[in-house]
Amino acid sequence: MVHAFDVLGDPVRRRILELLADGEQTSGAIAAVIRAEFGISQPGVSQHLRVLRESGFTTVRAEGARRLYVVDSEPLREIDVWLERFRRFWNQHLDALATELVRGKRERRTTDKADVSKGNKPTDKEKSQ
């Protein structure tokens, strides 16, 4: 079996999954977008769809002559579980950013109040910040 990150390492397959994240798509609709964006032939797109299907990232169902693809979330959950041990690295940075944003807003309010109490009116630019 192909490792999930090997599958997702390809930009075409990631783009196909992005398209499918919006809902079920026909293979023809997927192929049209991928051909336009990557210049890949329809057989090439079919190969990527096959890799996604065989690795469990998508499922397909037949509706007459059409093939409808949809994301299968199980491999994505497995990736999410694997990534959990690394989340602390970016969560700490996001928490620090949130703290700095709050601090900056508080400082602007304090500065604006001091300026108004001195009789200075904030400019339109300052009001919009």
Side-chain angles (χ1 to χ4, degrees):
M1 183 172 159
V2 178
H3 190 276
F5 288 108
D6 293 331
V7 173
L8 296 179
D10 186 281
V12 173
R13 290 192 287 265
R14 284 195 311 270
R15 180 63 176 125
I16 291 170
L17 285 176
E18 289 171 0
L19 294 170
L20 293 174
D22 293 331
E24 190 175 59
Q25 301 269 337
T26 64
S27 57
I30 294 166
V33 171
I34 298 303
R35 279 194 315 258
E37 292 181 6
F38 293 91
I40 296 174
S41 67
Q42 197 283 326
V45 175
S46 292
Q47 276 296 113
H48 285 290
L49 287 168
R50 192 178 103 228
V51 169
L52 288 168
R53 189 177 63 249
E54 289 177 354
S55 62
F57 280 90
T58 64
T59 58
V60 63
R61 69 180 178 87
E63 187 177 89
R66 300 181 334 153
R67 299 291 173 257
L68 295 151
Y69 284 81
V70 66
V71 170
D72 186 335
S73 61
E74 186 57 34
L76 296 172
R77 277 195 288 275
E78 291 171 11
I79 291 170
D80 188 51
V81 168
W82 186 86
L83 286 170
E84 184 60 38
R85 74 177 79 164
F86 301 101
R87 256 191 202 93
R88 64 185 169 92
F89 295 112
W90 63 80
N91 283 344
Q92 289 172 351
H93 294 292
L94 291 174
D95 291 345
L97 175 61
T99 300
E100 288 303 314
L101 290 172
V102 168
R103 182 177 293 140
K105 285 180 184 177
R106 188 179 314 124
E107 288 173 4
R108 277 196 304 274
R109 280 195 306 265
T110 303
T111 302
D112 290 347
K113 286 178 184 176
D115 286 345
V116 170
S117 68
K118 292 179 184 174
N120 299 333
K121 294 184 180 180
T123 65
D124 289 336
K125 184 178 177 182
E126 291 169 337
K127 288 179 187 175
S128 67
Q129 293 178 348

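Remember, predicted model here, so these are calculated numbers, not experimental data. Nothing fancy with the numbering, it's 1 onward along the sequence.
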Could you measure the distance from the [atom1] atom of [X] to the [atom2] atom of [Y]? Nearest 0.5 Å is fine.
{"X": "I16", "Y": "D10", "atom1": "CD1", "atom2": "CG", "result": "8.0 Å"}
{"X": "I40", "Y": "S46", "atom1": "CD1", "atom2": "OG", "result": "11.0 Å"}
{"X": "L20", "Y": "D72", "atom1": "CG", "atom2": "CG", "result": "11.5 Å"}

Which pair of heavy atoms, one from [X] and one from [Y], lies closest together, and at what distance?
{"X": "I79", "Y": "A4", "answer": "CD1-CB, 3.7 Å"}
{"X": "S27", "Y": "L49", "answer": "CB-CD1, 4.1 Å"}
{"X": "G64", "Y": "R67", "answer": "O-NH1, 3.4 Å"}
{"X": "S55", "Y": "P75", "answer": "O-CG, 4.2 Å"}

Problem - Under the salt bridge (charged side-chain N to carboxylate O under 4.0 Å, His left out) test, residues paired with R14 that sit two or more places apart - result: none
Fill in the blank from the handout: Across all chains, not counting sequence neighbours, the salt bridge (charged side-chain N to carboxylate O under 4.0 Å, His left out) partners of R103 are E100
Partners of [X] by side chain to side chain donor-acceptor pair (under 3.5 Å), sequence neighbours excluded?
{"X": "T26", "result": "none"}
{"X": "T59", "result": "none"}
{"X": "R50", "result": "Q47, E54"}
{"X": "D80", "result": "R87"}

Handout entry: Donor-acceptor contact present, side-chain S41 to main-chain G44, <3.5 Å
Key = yes
Practice task
Using atom types as modelled and distance alone, determine if a side-chain donor or acceptor of R13 lies under 3.5 Å from a backbone N or O of V7.
Solution key: yes
Exercise for the section: With the side chain counted from C-beta on, respond yes when L17 and L52 share a heavy-atom pair under 4.5 Å apart, and no when they do not. Expected result: yes
Exercise for the section: Please identify each residue that fulfils side-chain contact (heavy atoms from CB on, under 4.5 Å) with E37, with sequence neighbours left out. Expected result: R15, V33
Problem - Pairs meeting criterion salt bridge (charged side-chain N to carboxylate O under 4.0 Å, His left out) with involvement of residues 25-36, two or more places apart - result: none
Problem - Co-membership, hydrophobic cluster, residues L68 and V60, 4.5 Å side-chain - result: no
Handout entry: ring pair (Phe, Tyr, Trp, His ring centres under 6.0 Å) contacts touching residues 32-85 (sequence neighbours left out)
Key = F5-W82, W82-F86
